[in-house]
*Asks:* 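First the structure, which I've put down as structure tokens, then a few questions once you've had a look.
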Amino acid sequence: MLWQTSPAATEMEQVMFGWLRAALGLPPAFTGTIHDSATTATLSAVLTMREQALGFEGLKKGLSGMPTLRLYASAETHSSVDKAARLAGIGQDNLVKIPTDQSLSMKPGALASAIREDLAAGLRPAGVILCAGGTSVGAFDRIRECIEVAHAAGLPVHVDAAWAGSAMICPEFREMWAGIEQADSIIFNPHKWLGAQFQCAVQFLRDPTPQVKTLGLRPTYLETAGKEDVVNFNEWTVPLGRNFRALKLWFTLRAYGMEGLRARIRNHVAWANEACEALRAMPGVTITTEPRLSLFTFALADDAATEALLNRINDDGRIYLTQTRHQGRYVIRVQVGQFDCTRDDVMTIPQVVAALM
Ligand SMILES: *Cc1c(COP(=O)(O)O)cnc(C)c1O
């Protein structure tokens, strides 16, 4: 609960932040905390945006009579952003979906105009949520340009890299989120693609002060006696009692080493590309989105045929694929990321598709 109830848990979490920051190439200014899920971390970031926009008055007075707040994200962002807007009392209708360009990145110019129009209409912009590796087809916003627009308007930025963040331990992929060092908050899930056990969602914060001011309460019974300078992570997150999640990270990082983890991610990306090329070569198969890291999509001639194929694939049981809708089309998602998968496992995908088409 407090530093005092388990100094080791707190200190280990801080040490893990140092390791992860270095692993991802983030500047030393970033600190952070570990949540159960990206959803909770994004909710924490959005609650913080709400309170910053309201001068921390919402916490005291509630939201009735307060200005209408506005959040901005592209339609490629995960539904956890919609959930956060709903739960934070901002409302789905005030989450403005900014149009994307050909490569599915938020248009910085469109973001700037949306903010301008809202200000002119007497609404109050509160923050921007950017996408670094969207769930549907792996979309990346242009992080640097969008942050510049947001910061010019005085708005904080939260970046959702829940899935793709793990890949940033490999320097060659960091170009995909160039400009990330200016983000105010970043979420990535080591439980998704770094091999940590489930419920290990890491939120980096450039300055924890506004989030601690939003989520922290310190009654006398929650004081760490005689220690003013220690971190009490319960003030950074929604729950009071917390799991010792840093231990899972420590085991993972120590057991496999950064080079071991990088090798896994590089293999997943290479094998996904190989499987994609094998599918592309099959008559009747269209690659509908090119591989972004280890995620791509494909389809057959029409939606009915694609859906029927997906059902046959999953009924067959050797592999498991999911579906999404892309530019109006029903498409099949291929995503490689299971910790211990092999090249043979991944190359089963084109074999199964060929057999069941
Ligand atoms: C999986 C995912 C989430 C949600 O993660 P949880 O930890 O399950 O809440 C959010 N955003 C993206 C991009 C994801 O891939």
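One-based numbering, in listed order, for ligands and for the atoms of each. Source: prediction; values computed, not measured.
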*Asks:* Give me the residue, atom name and distance of the protein heavy atom closest to atom 5 (O) of ligand 1.
*Replies:*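 It is Ala38 CB, 3.4 Å.
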*Asks:* Using a 4.0 Å heavy-atom threshold (strictly under), name the region of Thr42 that reaches ligand 1: side chain, backbone, both or neither.
*Replies:*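 It is neither part, as no heavy atom is under 4.0 Å.
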*Asks:* Identify, by atom number and element, the atoms of ligand 1 in contact range of Thr135, meaning under 4.0 Å from any of its heavy atoms.
*Replies:*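 Per the distance check, 12 (C), 13 (C), 14 (C), 15 (O).
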*Asks:* Between Arg142 and Ser105, do the side chains contain a donor N or O and an acceptor N or O under 3.5 Å apart?
*Replies:*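 On atom types as modelled, these side chains do not qualify, holding no pair under 3.5 Å.
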*Asks:* Considering Lys192, His191, Glu76 one by one, which has a heavy atom nearer to atom 1 (C) of ligand 1 than any of the others?
*Replies:* Lys192
*Asks:* Are Thr42 and His158 close enough that a side-chain donor and a side-chain acceptor fall under 3.5 Å?
*Replies:* yes
*Asks:* Counting each atom of ligand 1 from 1 as listed, which ones have a heavy atom of Ser80 under 4.0 Å away?
*Replies:* 10 (C)
*Asks:* Would you say Asp345 and Thr348 are linked by a side-chain donor-acceptor pair, where the criterion is simply a distance under 3.5 Å?
*Replies:*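 Per modelled atom types, Thr348 and Asp345 side chains form no pair under 3.5 Å.
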*Asks:* Could you verify whether a donor N or O on one side chain and an acceptor N or O on the other, from Ser294 and His268, lie under 3.5 Å apart?
*Replies:*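 Side-chain D/A pair, Ser294 to His268: absent.
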*Asks:* Counting from 1, what ligand 1 atoms have a heavy atom of Asn189 closer than 4.0 Å?
*Replies:*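 Every atom of ligand 1 under 4.0 Å from some heavy atom of Asn189: 5 (O), 6 (P), 7 (O).
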*Asks:* With rounding to the nearest 0.5 Å, note down the distance linking CD1 in Ile319 to CG in Asn314.
*Replies:*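 That separation rounds to 7.5 Å.
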*Asks:* Which residue and atom name correspond to the protein heavy atom nearest atom 9 (O) of ligand 1, and how close is it?
*Replies:* Thr39 OG1, 2.5 Å
*Asks:* Answer yes or no on whether Arg264 is positioned over the face of Phe339, meaning its NZ or CZ is under 6.0 Å from the six-membered ring centre and within 45° of the axis.
*Replies:* yes
*Asks:* Would you give the length of the straight line joining atom CD of Gln211 to atom OG of Ser185, rounded to the nearest 0.5 angstrom?
*Replies:*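 Reported value, rounded in 0.5 Å steps: 6.0 Å.
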*Asks:* With only distance considered, is Asp160 within less than 3.5 Å of ligand 1 through an N or O on each side?
*Replies:*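 Yes: some nitrogen or oxygen of Asp160 is under 3.5 Å from one in ligand 1.
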*Asks:* Which of the atoms of ligand 1 are close to Ser37, meaning less than 4.0 Å from one of its heavy atoms?
*Replies:* 6 (P), 7 (O), 9 (O)
*Asks:* Of all the atoms in ligand 1, which lie at a distance below 4.0 Å from a heavy atom belonging to Trp163?
*Replies:*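 Result: 15 (O).
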*Asks:* Look at Glu51 together with Lys60 and state whether they make a salt bridge at an N to O cut-off of under 4.0 Å.
*Replies:*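 The answer is no: the pair does not qualify as a salt bridge.
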*Asks:* Among all protein heavy atoms, pick the one closest to atom 4 (C) of ligand 1 and tell me residue, atom and distance.
*Replies:*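 Minimum-distance protein heavy atom for atom 4 (C) of ligand 1 reads His78 CE1, 3.5 Å.
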*Asks:* I'd like to know if Gly133 contacts ligand 1, where contact means a heavy-atom distance under 4.0 Å to any ligand atom.
*Replies:*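 In this structure, Gly133 qualifies as a contact of ligand 1 - some heavy atom is under 4.0 Å.
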